[in-house]
Every structure is written in structure tokens, then in C-alpha cells.
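Taking it in order: structure first as C-alpha cells, then the write-up.
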Amino acid sequence: MNITEFKTAVRELPENELAEFLEWLDEFQAALADRQWIEGVRVKIDAAVAMSEHTPPIDGETFIAGICDRFRQVRESKQ
């Protein structure tokens, strides 16, 4: 079905079916956006896992200290 045939089919829908179709279209668009977000997160996780295979593990205390240092640097640069 090309876009012209699609538009014709939509125009021929009764009003109640058109409302249902538009609701379905909104749900489809939201699901597609969710799917794209999930795929984006999956790619980032895969990259992090691959990176972690080439770097030594870090303990939690060192990790948190590094985050605190970065926050401190940003705060000091804004002052």
C-alpha cells in the first residue's frame, strides 16, 4: 500500500473507526519511541561491557570518590 492508498483508506473510515485508528497510531508511535530508546540503552550497555573487559575492576569506594571529585571540580569551576 502506498501513501496515496493509505490516505484514501483513512478518509473512508467511519468517524468512530478513525478515532480508534488514530489512538492506535499514537500507541504505535509511543511503542516505536520506546523501542528506539531501549535499543539505544542496549548499545550503551554493550559498549560499557566491552570496555570493562579491557580495564581492571574498580572498587565501589574509589568509584564514588571519583564521582565526588568530578562534582567538586564542576562546582569549583562555576564559582
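Side-chain atoms are counted along with the backbone in the values below, which use heavy atoms only and exclude waters and symmetry mates. Residues take their numbers from the sequence shown, with the count starting at 1.
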How long is the straight-line distance from [atom2] of [Y] back to [atom1] of [X], given to the nearest 0.5 Å?
X: E27; Y: L22; atom1: CD; atom2: CG; value: 11.5 Å
X: Q73; Y: C68; atom1: CD; atom2: SG; value: 11.5 Å
X: Q36; Y: L32; atom1: CD; atom2: CG; value: 4.0 Å

For the CD atom on E5, are there more than 12 heavy atoms of other groups (residues, nucleotides or ligands in this structure) within a distance under 6.0 Å?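 Buried by this count: over 12 neighbours within 6.0 Å.
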- Query: Is it the case that more than 12 heavy atoms not belonging to E39 sit under 6.0 Å from its CD atom?
  - Reply: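 Yes, the 6.0 Å shell around CD holds more than 12 heavy atoms from other groups.
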Going through the checks in order, is the side chain to side chain contact (heavy atoms under 4.5 Å, CB included) test met by V74 and R70? CA-CA 6 Å; V74 169; R70 283 188 233 137; 5.6 Å; no
Please tabulate, for side-chain N and O atoms in residues 45-67, each donor-acceptor pair with protein atoms closer than 3.5 Å (sequence neighbours left out).
residue : atom : partner : partner atom : Å
S52     : OG   : V49     : O            : 2.7
T55     : OG1  : M51     : O            : 3.4
D59     : OD1  : T62     : OG1          : 2.7
D59     : OD2  : E61     : N            : 3.1
D59     : OD2  : T62     : N            : 3.0
D59     : OD2  : T62     : OG1          : 3.2

_Suppose we screen for ring pair (Phe, Tyr, Trp, His ring centres under 6.0 Å). Which residues come up paired with F71, at least two apart in sequence or across chains?_
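For F71 there are no ring pair (Phe, Tyr, Trp, His ring centres under 6.0 Å) partners, ignoring immediate neighbours.
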